[in-house]
Q: 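Could you have a look at this structure, given as structure tokens, before my questions?
Chain letters run A, B, ... following the sequence lines, proteins first, then strands; residues in each count from 1.
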Amino acid sequence: MRWMTLSLVLFSVILFSLASTAARAQGLAFVIDSGAAAISVVDVASAREIRRVPVLREPHHMALTPDHRFLLIGDTAGNELIFLDPVSGGVARRIPMPDPYQLQFSPDGKTLVVTELARNRVDIYDAGSYHLRFRLALGSFPSHINFSPDSKTAFVTLQQSNQLVAIATGSGDVRWKIDIGDTPAGVLWLDGRVLVAVMGRDGLAVVNPANGAIERRVATGRGAHNLFLSPDGRTLYVANRVDGTIAVLDPKTLVVQREISLPGGPDDLDFAPDGKLWVTRRFAHSVAVLDPASGKYEIIEVGRSPHGIWLNTHDHLPRAVAGAPAGHS
Amino acid sequence: MSDPLDTIAGWIAEHAAIPLLWHLGLMQWEDLAYGWALFAVYGAVQVALMYAICLPLERFFPIEHWPDHRVEWTDMFYTILARVGILPLFTFVLFFRVQAAFSGLLADHDLVAPTLERAIPALFGHPVPTFILYALILDFADYWRHRLSHRFRWWYALHALHHAQRQMTFWSDDRNHLLDDLIAALWFGVIALAIGVAPLQFPVLVLVLRFLESLSHANTRLSFGWLGDRLLISPRFHRAHHAIRAAGAKSCNYGAVFPFWDMLFGTADFTATPGMTGDPKADEALASGSYLAQQWAGLRGFLHALGVMEHSQ
Ligand SMILES: [Zn+2]
Ligand SMILES: [Zn+2]
């Protein structure tokens with residue numbers, strides 16, 4: 001009898017913890033408040049900030065480790081890399097790292113590239129050990145990063161040098177470096193081309209990854225800052241910082257189909273399971289939850305100067321408990 | 001308090017600073033532009049707060065009465081320049097560069113730039129005690145900077161500009177020679193690098209401290225009482241530092257925010273009756289000249305003290 005009670009209790013405890021893990025695994029957004037030295041943890045379902053994780057100084061961007069165990073957060077002025085549990089939002093570990101601004105893992109999960117914007121270095125680390133392989137001085141204000149699908153080349157924008165550089169991840173050699181226009185920011189590999197958002201101008205540059213030739217330019221709006229491909233691959237979104245718009249493009253033709261007004265300095269975005277875009281608004285201490293179909297959005301207040309954003313609702317995450325898939329609509 | 005101010009700063013960044021940078025081809029500085037907007041907005045609030053609180057104090061509980069207030073306009077200009085204007089922008093760009101270079105140099109040797117929170121992990125995530133500790137250290141450094149600026153002839157030649165004002169009001173806190181400001185910025189810069197200061201992290205608290213510094217110059221009888229005067233520097237305490245007999249090398253009450261350092265190092269005077277201020281030995285241009293005339297007179301005194309320039313009448 002006692003055994004039965006005990007196992008019942010145990011069973012319900014396990015069930016309960018599974019259920020709560022599942023619930024949380026479905027629904028947290030991590031927003032980096034770069035001007036508040038904190039990470040806002042937002043409950044996706046209720047669209048409310050539930051907790052603020054303090055960090056040392058000035059965090060900007062994050063990357064999920066290839067094994068999905070940690071969300072890495074770079075604290076630039078704090079010179080730290082913070083390991084966050086992507087399910088609970090708890091801080092697991094912190095290691096010293098100089099000026100980590102943008103950080104991104106290669107598609108094969110073997111290389112981590114980190115840009116040190118303030119002191120003009122591009123660092124190539126071993127993804128598993130965080131051992132520094134190369135520290136490269138390539139130009140001024142290295143910023144956004146993207147990779148070729150074979151992971152052999154990293155593309156980095158140099159915001160003050162007005163250049164795009166292609167780096168061989170294996171050797172640290174520069175494959176090519178080109179002038180691309182005033183203050184290049186976001187960079188994205190798309191269908192065999194490299195797209196760069198040129199913030200000092202009004203749109204994208206389309207670059208041939210083999211030789212760095214600029215093939216064409218596409219106007220999206222003043223201050224084109226960053227670009228994102230939807231999870232289904234059918235839509236390309238460009239955040240235009242100066243115009244305060246999100247341009248909606250056909251990724252095949254790069255034709256601008258619509259422009260959605262989103263004031264407040266739109267910056268990074270992520271995709272929620274219901275198809276909405278969660279966009280950080282740098283100058284409005286908030287996140288906009290934008291319905292791209294209607295152009296309407298709701299506001300979630302967070303800390304000062306929110307920059308990077310990531311939702312733990314993506315269905316490829318193994319941490320999502322079986323039987324309760326997140327799924328995209 | 002911070003949210004509406006952040007909103008205003010954001011509005012300025014979005015609708016004025018960022019479009020301007022875009023047109024000038026300087027978008028790489030957009031993050032700094034927002035920082036400056038924040039600084040300027042909090043500075044404007046400091047000035048408004050000073051005005052709202054100090055003006056009635058000076059009107060209803062004054063120590064001195066003056067026939068006209070023309071010489072205060074220059075002090076007002078100093079205040080706007082220092083708290084809302086160009087100076088913070090300059091300091092920002094410079095400090096941003098120096099801090100990045102310093103932490104980078106350390107990182108190249110596998111070291112991490114020091115911060116108080118790393119030295120005392122218990123502070124982590126507790127902004128108020130963290131800030132108070134930072135404020136105490138910086139205030140201690142400022143005590144010694146100020147005390148030394150009275151000690152050396154060349155340095156006091158610059159600092160005399162601050163003391164020359166005979167109509168000392170809450171506007172007088174920022175009247176300093178640009179070279180003196182530069183020395184102070186370098187002094188703070190070194191300390192800030194050593195303890196890893198993050199001023200934008202605590203804008204409301206910085207606002208309160210700057211307000212106290214302005215208040216301490218106000219022309220008012222206000223004191224904080226026996227105990228209060230020994231915890232925070234009051235107008236009564238700082239007026240003794242500006243007294244005519246305290247100008248130059250034999251002064252007292254060098255502190256800016258906390259009186260502890262004066263008490264600890266034997267320079268505190270809580271007994272002086274509040275009276276007139278000024279430096280009778282200072283060039284008249286330092287007292288009543290225009291902004292540029294004051295700067296020029298300060299530079300002349302500085303070069304003369306160094307023996308570079310002959311005294312000309
Ligand atoms: Zn003095
Ligand atoms: Zn003073």
Q: Nearest 0.5 Å, please: how far is NE2 in A:His225 from CE in B:Met27?
A: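 These two atoms lie 8.5 Å from each other.
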Q: Can you tell which part of A:Glu301 gets under 4.5 Å to a heavy atom of chain B, answering side chain, backbone, both or neither?
A: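 Answer is side chain: those atoms of A:Glu301 sit under 4.5 Å from chain B.
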Q: Only pairs of heavy atoms separated by less than 4.5 Å count here; which of A:Gly200, A:Pro54, A:Pro98 has the most with chain B?
A: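 Going by pairs under 4.5 Å, I would pick A:Gly200.
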Q: With a 4.5 angstrom heavy-atom cut-off, could you sort out which part of A:Asp182 is near chain B: side chain, backbone, both or neither?
A: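 Side chain only.
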Q: Holding to side-chain contact (heavy atoms from CB on, under 4.5 Å), I want the full list of residues that pass it with B:Leu186, two or more places apart in sequence or in another chain.
A: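 For B:Leu186, no residue satisfies side-chain contact (heavy atoms from CB on, under 4.5 Å) once neighbours in sequence are set aside.
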Q: Measure A:Arg52 against the heavy atoms of chain B and call it side chain, backbone, both or neither at under 4.5 Å.
A: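 For A:Arg52, neither part sits under 4.5 Å from chain B.
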Q: Heavy-atom distances under 4.5 Å only: say whether A:Pro184 touches chain B with side chain, backbone, both or neither.
A: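 When you check distances to chain B, no heavy atom of A:Pro184 falls under 4.5 Å.
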Q: How would you list, by chain and number, every residue that makes a ring-ring contact (aromatic ring centres under 6.0 Å, His included) with A:Phe70, sequence neighbours excluded?
A: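 Only A:Phe83 meet the ring-ring contact (aromatic ring centres under 6.0 Å, His included) criterion with A:Phe70.
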Q: Over 60° means perpendicular and under 30° means parallel, so classify the ring planes of A:Phe283 and B:Tyr34, tilted if in between.
A: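 The rings of B:Tyr34 and A:Phe283 sit tilted, inter-plane angle from 30° to 60°.
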Q: Side chain, backbone, both or neither: which part of A:Thr76 has a non-hydrogen atom closer than 4.5 Å to chain B?
A: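 It is neither, since no heavy atom gets under 4.5 Å.
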Q: Give the member of A:Met199, A:Gln159, A:Arg282, A:Met97 that has the highest number of heavy-atom pairs under 4.5 Å with chain B.
A: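 Of the options given, most contacts go to A:Met199.
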Q: May I have the step-by-step check of side chain to side chain contact (heavy atoms under 4.5 Å, CB included) for A:Thr183 and B:Glu30, ending in yes or no?
A: CA-CA 10 Å; A:Thr183 319; B:Glu30 59 144 3; over 6 Å; no
Q: Could you give the distance from CG (B:Asp6) to CZ (A:Arg304), rounded to the nearest 0.5 Å?
A: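 Output value for this atom pair is 4.0 Å.
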Q: What residues of residues 13-25 of chain B sit under 4.5 Å from chain A when only non-hydrogen atoms are counted?
A: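 Near chain A, by residue number: B:Ala13, B:Glu14, B:Ile18, B:Pro19, B:Trp22, B:His23, B:Gly25.
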Q: Using a 3.5 Å cut-off and no angle test, enumerate the donor-acceptor pairs between side-chain atoms of residues 45-55 of chain B and protein atoms at least two apart in sequence or in another chain.
A:
{"from": "B:Gln46", "atom 1": "OE1", "to": "B:Arg83", "atom 2": "NH1", "distance (Å)": "3.2"}

Q: When heavy-atom pairs shorter than 4.5 Å are enumerated against chain B, which of A:Arg121, A:Glu80, A:Arg222 gives the highest number?
A: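 Ranked by heavy-atom pairs under 4.5 Å with chain B, first place is A:Arg222.
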Q: Less than 4.5 Å to any heavy atom of chain B: does that hold for the side chain of A:Arg281, its backbone, both, or neither?
A: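 Neither; nothing under 4.5 Å.
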Q: Quick check on A:Asn162 against chain B: is it the side chain, the backbone, both or neither that has a heavy atom closer than 4.5 Å?
A: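 Answer is neither: A:Asn162 stays 4.5 Å or more from chain B.
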Q: Check for a donor-acceptor pair, side chain of B:Arg118 on one end and backbone N or O of A:Gly78 on the other, with a separation under 3.5 Å.
A: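 Yes.
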Q: Determine the minimum heavy-atom distance between B:Gln28 and A:Phe141, stating which atoms define it.
A: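 That would be O-CE2, 3.7 Å.
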